[in-house]
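In what follows, a single structure is set out as structure tokens and then discussed.
Proteins come first, then strands; the chains are lettered A, B, ... in the order of their sequence lines, and each starts at number 1.
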There are 2 protein chains.
Amino acid sequence: MSESKNKFNKDMPSARRNQASGATLIDVAKVAGVSPITVSRALNRPDQVSEKAREKVRRAVEQVGYIPNMLAGGLASRQSKLVAIFVPTIAHPIFAEMVQALMDELSRAGYQAILGLTGYQKETEETLFNTILGRRPDGIVLTGTQHSELMRRRLIASGIPVVEAWDLCDDPIDMLVGFSHEQVGREVARHLYAKGYRRFAVVTAEDARGMRRYHALLDELHHLGIDDVPTAFIPPPSSLNAGREKVCELLDAGHRPEVVVCSSDTVAQGVLAEAASRGWTVPKDLAVMGFGELSNASQVYPSLSSVRLDGDRVGGQIAQALLERFKNPDAEIAPLRIDTGFTIVDREST
Amino acid sequence: MSESKNKFNKDMPSARRNQASGATLIDVAKVAGVSPITVSRALNRPDQVSEKAREKVRRAVEQVGYIPNMLAGGLASRQSKLVAIFVPTIAHPIFAEMVQALMDELSRAGYQAILGLTGYQKETEETLFNTILGRRPDGIVLTGTQHSELMRRRLIASGIPVVEAWDLCDDPIDMLVGFSHEQVGREVARHLYAKGYRRFAVVTAEDARGMRRYHALLDELHHLGIDDVPTAFIPPPSSLNAGREKVCELLDAGHRPEVVVCSSDTVAQGVLAEAASRGWTVPKDLAVMGFGELSNASQVYPSLSSVRLDGDRVGGQIAQALLERFKNPDAEIAPLRIDTGFTIVDREST
DNA sequence: AATGAAAATGATTGCGCTATCATAATTATG
DNA sequence: CATAATTATGATAGCGCAATCATTTTCATT
């Protein structure tokens, strides 16, 4: 026994509607004394309209407080001016930094971003993905290069420009901006080995890219003759406390590594905290290697050795790649692959 | 039925279009053997459609890989299912946390967020604002309560539900979720005074809310008989290094405060770093008070006293308030004002 | 002036979807 | 069984804008 849904007030629906939705292109056109399409052009392609008309339109827009409806515009033009950005989380500084840079750059070009937080969960990614595709983004930014076959196919079929970020691989969906996690693992191994460390341990988050670095590290250590690398895994999201607990487990299990390689600076700071609480001297009693170069890595005591990535730069490069593609959609799609690199920063903790 | 008006003719525009844009509601309807509007209902109001039809639609959607075009849907229904979130930056953990919680909650209800980064700059806020209003969001989340008169008027006129966050004031635009920055300033003053501190100094960022806390702090100290409070201001964005430099300036100018009150934990950690580098013992030689409770506040050495806010909770409350309003748009608009409070956390640094 | 090219403006149509009203199919009621 | 009440489905008409093509105005050139 539900009450029948009543309709809008018959009184003056149009007035009510206009109050809520604001002025339309047609309202502006009337005030300006030109046709609607001229208003549209004055706003979107000013160079196709005479200075006189442009001025009339500008004044009319001002007067009625017109704000273009981008839902309508997007529908008509098939250009949403929207870029979808998928990241695991923005609570992590490195992603926050990238997103910020990316959005800055995009907004300068009149684009906006819509964020998809995949939360490290494979489960929801596809659902999220569908929802966001519903906004018909002009471009898509993905974190990592490991996606379900279905998603890959759909993305390729859609023809939407895609950038896969934070990683490099051999069969990208489209564009690629990142660095090789394998290379990080290998270089960290060699770097620490060269410094004389022989007994390694690892505390790593169980996310895909972290594991890639981990396996490359193991592999390289193996080549260097080191095979026993006690490891503790942290289920995402990793935190300082998790790092502390996990390294504690390793140590309590009787392992006595010279150096602990961590999947992030956050985890590494947990290890530092545990070392401090045991009264150990870093790096003499235990060396610690981070990853990601949090802004305070150089300020904690002892300052943390880490692998520096540049979120700003990655974001900027992605934006550039997308904007280039938007500007020139018909151009031959040259496979774009940008290696943003990384730097091992040696500080007091190793 | 004869085809009265033909849509696209000639070569293959329809095929091309479908490849790019994907299947439409009509395609699904054809496959399912029902009318388009039934497909729409099966997707958006499943309870109004028979189980049989629902199943046919589900299968057809699956088969053609249909993803609803929310631009079209939004235009027709006047519901964008979009919430605009304005924050100064997401590079700051406290905002990142709020945004994450807010987005989580919203997406659960089928809404998505579009982010506006105001970057602490008054200049661009209005421009940004117009661009984002173009997306016709169903709700708007604002940081702070200080906005231009024009924006206030437009927002109120638009009838869009608005939440102002991170602050409380007496004449909100609409809903309000936050805490009193004045109260923080006063309580921090009293708290430190009660602990015996008499010589205060301040290092604060120059943003609006930080200044409100600062003035309340000064005011309360004045009541307690303390009038000389040397202060250094940091132009946004504040950073650990900026905090360190600024406190250095204060000390080099000959001030010898017992306690430094900082506008953020980041700044406070800069002060800690400077104290450490001078070989001072905290809190004996210099006490430090933070704000915002970064996740590592309790882990730095010495652990940092701070004011704890709960970004998760703020985000959640905002989402609830908005969703409630969406569900019940015609309800009497009860002035909503949620005080999320704060907690002074006393640790080793004071 | 005459002519054509270019620039500026306009009329029409439909983007893909949902609100609205109308109708058909089902169930409840006496 | 007829009738009313209740579903379930469909037809139609826009939402506000830009693509497309048609038309008018302006300007340069002969």
Query raised in the report: Which residues, if any, of residues 29-41 of chain B bring a heavy atom under 4.0 Å of DNA chain D?
Result: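 Of all residues in residues 29-41 of chain B, the ones placing a heavy atom under 4.0 Å from DNA chain D are B:Val34, B:Ser35, B:Ile37, B:Thr38, B:Arg41.
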Query raised in the report: What salt bridge (Lys or Arg N to Asp or Glu O under 4.0 Å) pairs are there with at least one residue in residues 59-72 of chain A, not counting sequence neighbours?
Result: A:Glu55-A:Arg59
Report task. Report the residues that fulfil salt bridge (Lys or Arg N to Asp or Glu O under 4.0 Å) with B:Arg108, sequence neighbours left out, ordered by chain and then residue number. Result ->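 Scan of B:Arg108 (salt bridge (Lys or Arg N to Asp or Glu O under 4.0 Å), adjacent residues dropped) gives B:Glu105.
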[N], OP1 or OP2 - any side-chain N/O from [X] closer than 4.0 Å?
X	N	result
A:Ser50	C:dT9	yes
A:Arg78	C:dG16	yes
A:Arg54	C:dA8	no

Query raised in the report: Pick the nucleotide of DNA chain D nearest each of A:Leu71 and B:Lys52; which residue has the one closer to the 5' end?
Result: B:Lys52
Query raised in the report: Starting at the 5' end of DNA chain D and moving along, which residue's nearest nucleotide shows up first, B:Leu75 or B:Ala53?
Result: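 Looking at DNA chain D, the more 5' nearest nucleotide goes with B:Ala53.
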Given atom [atom1] of [X] and atom [atom2] of [N], what is their separation to the nearest angstrom?
X	N	atom1	atom2	result
A:Ile26	C:dT12	CD1	P	13 Å
A:Leu133	C:dG16	CG	C1'	16 Å
A:Glu51	C:dA7	CD	P	17 Å
A:Asp138	D:dA18	CG	P	14 Å
A:Leu25	D:dG16	CG	P	11 Å
A:Arg135	C:dC17	CZ	P	13 Å
B:Gln48	C:dT23	CD	P	19 Å
B:Gln79	C:dC17	CD	C1'	13 Å

Requested in this report: Give a yes or no on this: more than 12 heavy atoms of other residues, nucleotides or ligands lie within 6.0 Å of atom CG of B:Leu150.
Outcome: yes
Query raised in the report: Are there more than 12 heavy atoms of other residues, nucleotides or ligands under 6.0 Å from atom CZ of B:Arg152?
Result: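 Above 12, so yes.
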Requested in this report: Ignoring hydrogens and angles, tell me if any N or O in the side chain of B:Asn130 forms a donor-acceptor pair with the backbone of B:Thr127 under 3.5 Å.
Outcome: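 Flag not set: sc B:Asn130 to bb B:Thr127 has no pair under 3.5 Å.
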Query raised in the report: Considering only D:dA19, C:dG16, D:dC17, which nucleotide approaches the side chain of A:Asn69 most closely?
Result: D:dC17
Query raised in the report: Can you name the nearest heavy-atom pair linking B:Ala23 to A:Arg136, along with the distance?
Result: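 Taking every non-hydrogen atom into account, O-NH2, 4.5 Å.
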Query - Donor-acceptor pair between B:Glu126 and B:Ser148 side chains, under 3.5 angstrom - result: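 A pair is found: one side chain offers a donor N or O, the other an acceptor, under 3.5 Å apart.
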